[in-house]
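This one's a predicted model, so the numbers in the text were calculated from it and none came from an experiment.
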Amino acid sequence: MEKKYRHEYKYLSPEYILSYLQKRVGMVLQLDPHTGDAKQYSIRSIYFDDMYNTCYRENENGTDPREKFRIRIYNGSTEHIKLELKQKEKTKCFKYSAPLSFEQCKTIMQGKIPQYDSTTPFLVKKLIARMKLVQLRPVCIVSYERVPYIWTAGNVRITFDRNIRSSSDINAFFDKELPSRPVLESGTNMVEVKFDELLPDFIYELLQSSRLVQTAFSKYYLCRRYNMTGESI
């Protein structure tokens, strides 16, 4: 698996600042063409952790480096299901991806080992190994709506993520209506900035002038901080 080196910054923002920044970014960056006519798309991800909640604790403690598995779909579609492994080292991220079949995904959602053979992608085999060795299991669903903008020079990507929600009902991952709860204060959303080597000055200045609050916590951490009953895990 080839590593794709990227910087990643996350910011929490009240809606009025986020909307203002989105309008300014939209004047200079291109809307990701994958958004289609809707000009946004919805994301759902299943995240994994072991019996000791290692991924959660590592994010809380700022452990460096760290990694986590997730299964991701877009707009509720089952046509393209991706298994991803995201590794974090300081502000740098490496993400690996492999396709999953619907049947494989349903089996993994149940905490069971899917069938595999010599043609199974290495990333899927790695997940299976972790499920066997440290009892890695699906623990929560993270869902939100995303408006993404891109700047091809430097592979810059700025995303505006709203309505971030958490669900512990793993079996409802593909359901049209997913039972979930918000994880941020009302009116608070998230901006993410990703780039390869250098962030262009004009984009940096846009971010600095918007009074964004940088955070080290991931959406996964925020969604697991409280379970569906509102109690700390």
Side-chain angles (χ1 to χ4, degrees), residues 6-32 34-45 47 55-56 59-62 68 70 72 74-76 86 88 90-93 95 140-151 154-168 177-195 199-233:
R6 303 254 304 156
H7 292 275
E8 181 177 274
Y9 297 96
K10 296 181 174 70
Y11 303 88
L12 297 177
S13 171
E15 177 59 31
Y16 75 94
I17 291 179
L18 185 139
S19 296
Y20 167 75
L21 178 60
Q22 182 177 329
K23 289 179 181 178
R24 296 191 65 186
V25 167
M27 293 178 182
V28 291
L29 270 68
Q30 174 190 354
L31 188 66
D32 188 326
H34 289 99
T35 58
D37 294 336
K39 298 184 179 180
Q40 68 172 28
Y41 48 72
S42 64
I43 293 177
R44 282 188 192 176
S45 300
Y47 282 85
C55 293
Y56 175 87
N59 192 272
E60 185 173 57
N61 297 329
K68 56 179 177 285
R70 69 188 180 202
R72 174 162 287 189
Y74 296 88
N75 295 326
K86 192 170 184 179
K88 180 85 171 182
K90 296 182 174 64
T91 62
K92 296 178 289 186
C93 289
K95 186 171 70 175
C140 79
I141 298 172
V142 178
S143 63
Y144 51 95
E145 283 73 51
R146 166 166 285 180
V147 180
Y149 291 87
I150 57 175
W151 180 262
N155 195 19
V156 178
R157 186 175 181 84
I158 300 180
T159 58
F160 299 87
D161 298 335
R162 293 178 170 89
N163 199 19
I164 301 170
R165 306 177 303 281
S166 172
S167 176
S168 58
E177 299 296 331
L178 175 69
S180 60
R181 64 184 292 262
V183 298
L184 296 174
E185 293 183 6
S186 178
T188 299
N189 296 298
M190 185 175 285
V191 179
E192 293 189 6
V193 181
K194 302 173 185 177
F195 58 98
L199 187 65
D201 288 341
F202 75 94
I203 297 179
Y204 176 80
E205 291 171 0
L206 276 176
L207 298 172
Q208 293 303 306
S209 64
S210 300
R211 294 185 295 170
L212 298 176
V213 179
Q214 189 168 356
T215 179
F217 295 135
S218 66
K219 293 187 185 72
Y220 163 71
Y221 173 85
L222 294 171
C223 287
R224 285 217 72 201
R225 189 172 183 177
Y226 297 98
N227 61 21
M228 290 294 287
T229 63
E231 299 172 347
S232 180
I233 69 171

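- With contacts defined as side-chain heavy-atom distances shorter than 4.5 Å, the pair T215/L222 does not qualify.
- The shortest side-chain heavy-atom distance between P148 and Y41 falls under the 4.5 Å cut-off.
- With hydrogens and angles disregarded, a donor-acceptor distance shorter than 3.5 Å links the side chain of S167 to the backbone of P179.
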### Message
Walk me through whether K95 and R6 qualify under side chain to side chain contact (heavy atoms under 4.5 Å, CB included).
### Response
CA-CA 9 Å; K95 186 171 70 175; R6 303 254 304 156; over 6 Å; no
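- A salt bridge between K86 and E8 is present, with a side-chain N of the basic residue lying under 4.0 Å from a carboxylate O of the acidic one.
- Between W151 and F202, the ring-plane angle classifies as perpendicular under the 30° and 60° cut-offs.
- The side-chain heavy atoms of S143 and L178, taken from C-beta on, include a pair separated by under 4.5 Å.
- Rounded to the nearest 0.5 angstrom, N163 CG and L184 CG are separated by 10.0 Å.
- For the residue pair L21 and L206, the shortest heavy atom distance occurs at CD1-O, 3.9 Å.
- In this pair, Y56 and Y221 present their aromatic rings parallel. The plane angle is below 30°, not in the 30 to 60° band.
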### Stepwise side chain to side chain contact (heavy atoms under 4.5 Å, CB included) check, K88 with S218
CA-CA 11 Å; K88 180 85 171 182; S218 66; over 6 Å; no
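- Between G76 and S42, the shortest heavy-atom contact is N-OG, 4.2 Å.
- Among all heavy-atom pairs drawn from P200 and V156, the shortest one is CD-CG2, 3.8 Å.
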### Task
Evaluate side chain to side chain contact (heavy atoms under 4.5 Å, CB included) for F160 paired with V25, printing each intermediate quantity in order.
CA-CA 10 Å; F160 299 87; V25 167; 4.0 Å; yes
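- Annotation: the span from N75 atom CG to H34 atom NE2 amounts to 11.5 Å, rounded to 0.5 Å.
- Side-chain contact between Y74 and I43 is present, with at least one heavy-atom pair separated by less than 4.5 Å.
- Here the side chains of Y149 and L31 are in contact, with some heavy-atom distance below 4.5 Å.
- The stretch residues 154-168 participates, sequence neighbours left out, in these salt bridge (Lys or Arg N to Asp or Glu O under 4.0 Å) pairs: E15-R162, D32-R157, E145-R165, R146-D161, D161-K219.
- With contacts defined as side-chain heavy-atom distances shorter than 4.5 Å, the pair H7/L199 does not qualify.
- R225 is not listed as a side-chain neighbour of V183, based on a closest heavy-atom distance of 4.5 Å or more.
- Rounded to the nearest 0.5 Å, atoms CZ (R70) and OH (Y220) are 12.5 Å apart.
- Using a 4.5 Å heavy-atom threshold, the side chains of F217 and L12 count as separate.
- The distance from the CD1 atom of I203 to the CD1 atom of I158 is 5.0 Å, given to the nearest 0.5 Å.
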### Task
Kindly indicate, with the supporting measurements, whether the criterion side chain to side chain contact (heavy atoms under 4.5 Å, CB included) is fulfilled by Y47 and R72.
CA-CA 9 Å; Y47 282 85; R72 174 162 287 189; 3.9 Å; yes
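- A salt bridge links E192 with K194; the closest basic N to acidic carboxylate O contact falls under 4.0 Å.
- A distance of 8.0 Å separates CG of L18 from CG of L212, quoted to the nearest 0.5 Å.
- A distance of 11.0 Å separates CD in E60 from CZ in R224, rounded to the nearest 0.5 Å.
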